[in-house]
Participant: 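Have a look at this one before I ask anything.
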Amino acid sequence: MLKMRLIPCLDVKDGRVVKGVNFVDLRDAGDPVECARAYDAAGADELCFLDITATHENRGTMFDVVKRTAEQCFMPLTVGGGVRKLDDIRNLLLAGADKVSINSAAVSDRQFVKQAATKFGSQCIVVAIDAKETSPGKFEIFTHGGRKETGIDAVDFAREVASLGAGEILLTSMDRDGTGKGFNIPLTRAIADAVSIPVIASGGVGTLDHLVEGIRDGHATAVLAASIFHFGTFKIGEAKAYMQAQGIPMRSVVA
Amino acid sequence: MMKTVIIDYGSGNLHSAHKAFERAAHEAGIKAKIIVSNKPDDVEKADRIVLPGVGAFKDCRNGLMAVEGLREALQTQVIVHGKPFLGICVGMQLMATRGVEHEVTPGLGWIAGDVVAVRPADPSLKIPHMGWNTIHPHGQHALLDGILTGDDGLHAYFVHSYHMQPTLQEDVIATTDYAGDVTAMVGYDNIVGTQFHPEKSQALGLALIANFLRWRP
């Protein structure tokens, strides 16, 4: 039976993890590779790096981070942030990313999704959608970290990128991100039910029940969280065991 | 020292596959040299051959055929000389008679059968079949030695929308369940293929790779 996925996400800026990662026994909690190894050992199902590098010049450091991580973690790695050109995707894949997530570039140019999927295969193209509920049952895409509204209907957009060859959607509830109040379930369900490709729910996780809700009620097949793991509120194994106990099929953590 | 070649024909990055093979060999105490190459000469000199592959069937096939002499070297070393061969994901699918993704494309023809779309009986299930799933062997196979399989077994990482349907049931080594049987492993004699990615499958993957490096079919 296919298991649902739990994906910790690390924000990486200029080659360093931005938010604290509260693991014991980490020599350097700011080193993304070290954090990746810890998550790997803890039983994470995939890893996600979000590159929020401040300057273009520092982008190269991300390739090194990805390369060193891929050498040590034999699990799927998704990298996103600032991906605008086919060359950006190529460079990340060559560095060792398994999937690359495209955000703003997909909004400004839908054909970019098609070109990317044709060139590299749908299996490695994730489209990251940041959406807010603008009125009850109405969901709109926002870009630039949620500051810029686009007027684009999120459900229509999700259907479109899926038909253009996206292999997966990483859906962030922008109105919940950082609040700890849980995913926007109506949004998550609207998108997950509209497309035939897998949807990763993201944004707003504060409790383990939120993870369960994203899958059980939001119909996502994967859940992504950052803060609850970084700050040590919960451990990966604990989260997976809880989800399993609530009836979500999860891969048990292998020692 | 035993030499294993991972064939690089432009289908994705093989850095992590390379490292996974090195790690598996190291952990299992197997002395093995792992190289990544597209040279027919390296295929001829290798003791074991690995064919990876991601993306579309046709693109992978074209990539393979584009390397002068590579297909011939594979045919000779794997089919004539019987060297242990492992195909991974699309590298496994390429062993089929043909792929019917978008259009009909001939494969290597080592395993009679077609590569067809995964169609789960439950239409609400997502395609690609993406994530961790258990595998169910149809019999014994050396590559699964010592690996806990079945519903309570270890998990393998899959990401694919197509799978191989061999004409002969005996060519199916293992399946996985996705509202119906999905082919997870195929092979006979010295050839084997995994639809899942052993290089991304943590414990199960490293154990399977070590088994491949020890395999004497």
Side-chain angles (χ1 to χ4, degrees), chain A residues 1-7 40-41 43-46 66-77 90-99 117-126 162 165-169 192-193 195-200 219-222 249-255, chain B residues 11-24 53-57 59-60 89-90 101-102 120 123-134 136 148 150-162 176-179 182 197-207 209:
Chain A
M1 181 190 225
L2 185 71
K3 304 305 190 289
M4 300 297 112
R5 291 169 286 152
L6 178 60
I7 309 173
D40 187 8
D45 295 311
E46 297 187 20
V66 172
K67 184 164 182 283
R68 288 190 294 125
T69 302
E71 279 173 9
Q72 300 178 35
C73 297
F74 303 116
M75 64 190 310
L77 174 66
R90 187 193 323 275
N91 289 336
L92 286 169
L93 293 175
L94 285 176
D98 295 291
K99 308 183 214 177
T118 307
K119 187 86 192 160
F120 306 107
S122 295
Q123 86 290 338
C124 67
I125 303 301
V126 181
E168 194 172 26
I169 287 171
D193 287 353
V195 297
S196 61
I197 58 177
V199 171
I200 306 168
H219 298 176
T221 52
M250 300 299 292
R251 183 176 68 113
S252 56
V253 177
V254 184
Chain B
S11 172
N13 170 55
L14 303 179
H15 187 62
S16 58
H18 188 195
K19 293 290 169 188
F21 274 73
E22 286 185 346
R23 167 81 72 92
V54 292
F57 186 95
D59 290 346
C60 285
C89 196
V90 183
E101 181 177 345
H102 306 304
S124 75
L125 289 183
K126 303 296 188 179
I127 298 291
H129 169 231
M130 183 189 288
W132 297 85
N133 209 333
T134 47
H136 304 268
L148 193 62
D151 286 334
D152 299 321
L154 295 177
H155 291 76
Y157 189 81
F158 290 84
V159 49
H160 63 121
S161 304
Y162 295 80
T176 187
D177 178 57
Y178 197 48
V182 170
H197 289 267
E199 78 282 14
K200 294 285 161 197
S201 296
Q202 295 181 336
L204 179 148
L206 293 174
I209 292 168

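Side chains included, hydrogens not; waters and symmetry mates left out as well; all remaining heavy atoms used. Below, read A as the first sequence line, B as the second, and so on, with proteins coming before strands; counting in each chain starts at 1.
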Participant: Heavy-atom pairs under 4.5 Å with chain A are the metric here; pick the option from B:Thr176, B:Val159, B:Ile127 that has the most.
Facilitator: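 Between B:Thr176, B:Val159, B:Ile127, the count favours B:Ile127.
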Participant: Could you tell me which portion of B:Ala20 (side chain, backbone, both or neither) has an atom closer than 4.5 angstrom to a non-hydrogen atom of chain A?
Facilitator: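 Contact with chain A involves both backbone and side-chain atoms of B:Ala20.
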Participant: Provide the closest heavy-atom pair for A:Thr118 versus B:Asp59 in the form atom of the first, atom of the second, distance.
Facilitator: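 Heavy atoms of A:Thr118 and B:Asp59 come nearest at O-OD2, 3.9 Å.
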Participant: Between chain B and each of A:Cys73, A:Pro76, A:Gly121, A:Gly96, count heavy-atom pairs under 4.5 Å; write down the option with the most.
Facilitator: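 Looking at each option in turn, the highest pair count goes to A:Pro76.
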Participant: Using a 4.5 angstrom heavy-atom cutoff, name the option from A:Gln123, A:Lys119, A:Met4 with the most pairs to chain B.
Facilitator: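 Maximum pair count with chain B is reached by A:Gln123.
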Participant: Which atoms of B:Leu206 come close to chain A, meaning under 4.5 Å heavy atom to heavy atom: side chain ones, backbone ones, both, or neither?
Facilitator: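 Interface part for B:Leu206: side chain.
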Participant: Just to verify, what does A:Asp40 make a side chain to side chain donor-acceptor pair (under 3.5 Å) with, not counting sequence neighbours?
Facilitator: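 For A:Asp40 the side chain to side chain donor-acceptor pair (under 3.5 Å) partners, ignoring immediate neighbours, are B:Gln202.
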Participant: Roughly how far, to the nearest 0.5 Å, is CH2 of B:Trp132 from CE of A:Met75?
Facilitator: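 The CE atom of A:Met75 sits 6.0 Å away from the CH2 atom of B:Trp132.
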Participant: Please name the pair of heavy atoms, one in A:Gln72 and one in B:Arg23, separated by the smallest distance, quoted to 0.1 Å.
Facilitator: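 Heavy-atom minimum between the residues: O-NH2, 3.4 Å.
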Participant: Can you name the closest pair of heavy atoms from A:Gly167 and B:Pro128 and give their distance?
Facilitator: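 Where A:Gly167 meets B:Pro128 most closely, the heavy atoms are O-CD, 3.5 Å.
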Participant: May I ask you to name which of A:Met250, A:Arg90, A:Arg5 has the most heavy-atom pairs under 4.5 Å with chain B?
Facilitator: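 Winner by heavy-atom pair count: A:Arg5.
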Participant: OG1/A:Thr221 to CE/B:Met130 distance, rounded to the nearest 0.5 angstrom?
Facilitator: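 Here the interatomic distance stands at 8.0 Å.
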Participant: Quick one: OG on B:Ser16 to CG on A:Leu77, what's the gap to the nearest 0.5 Å?
Facilitator: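 With rounding to 0.5 Å, OG (B:Ser16) is 9.0 Å from CG (A:Leu77).
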Participant: Between B:His18 and chain A, which part of the residue has a heavy atom less than 4.5 Å away: side chain, backbone, both or neither?
Facilitator: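 Neither; nothing under 4.5 Å.
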Participant: Say whether, by atom type as modelled, one donor and one acceptor occur between the side chain of A:Lys67 and the main chain of B:His15 under 3.5 angstrom.
Facilitator: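 No, because the side chain of A:Lys67 does not come within donor-acceptor range (under 3.5 Å) of the backbone of B:His15.
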Participant: For the CD atom of A:Glu46 and the NZ atom of B:Lys200, what is their distance to the nearest 0.5 Å?
Facilitator: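 Between atom CD of A:Glu46 and atom NZ of B:Lys200 there are 10.0 Å.
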Participant: What part of A:Ser122 gets within 4.5 angstrom of chain B, counting heavy atoms only: side chain, backbone, both, or neither?
Facilitator: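 For A:Ser122, there is no contact with chain B at all, as no heavy atom is under 4.5 Å.
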Participant: Which of the residues B:Asn133, B:Val90, B:Leu14, B:Asp177 is involved in the greatest number of heavy-atom pairs with chain A at under 4.5 angstrom?
Facilitator: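 The candidate making the most pairs under 4.5 Å is B:Asn133.
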Participant: Is it the side chain or the backbone of A:Ala222 that comes within 4.5 Å of chain B heavy atoms, both, or neither?
Facilitator: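 It is neither, since no heavy atom gets under 4.5 Å.
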Participant: If you measure from OG on B:Ser124 to NE2 on A:His219, what distance do you get to the nearest 0.5 Å?
Facilitator: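 One gets 8.5 Å once the value is rounded to the nearest 0.5 Å.
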Participant: So which part of A:Leu2 gets closer than 4.5 Å to some heavy atom of chain B, the side chain, the backbone, both or neither?
Facilitator: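 Contact with chain B: backbone and side chain both.
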Participant: Once you round to the nearest 0.5 Å, how far does NZ of B:Lys126 lie from CD of A:Glu168?
Facilitator: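 One gets 11.0 Å once the value is rounded to the nearest 0.5 Å.
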Participant: Of B:Lys19, B:His197, B:Glu199, which is the lone residue that meets side chain to side chain contact (heavy atoms under 4.5 Å, CB included) with A:Phe74?
Facilitator: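 Among B:Lys19, B:His197, B:Glu199, the one that satisfies the side chain to side chain contact (heavy atoms under 4.5 Å, CB included) with A:Phe74 is B:Lys19.
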Participant: Quick one: does any side-chain atom of A:Lys3 pair with a main-chain N or O of B:Thr134 as donor and acceptor, under 3.5 Å?
Facilitator: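 No; zero donor-acceptor contacts below 3.5 Å.
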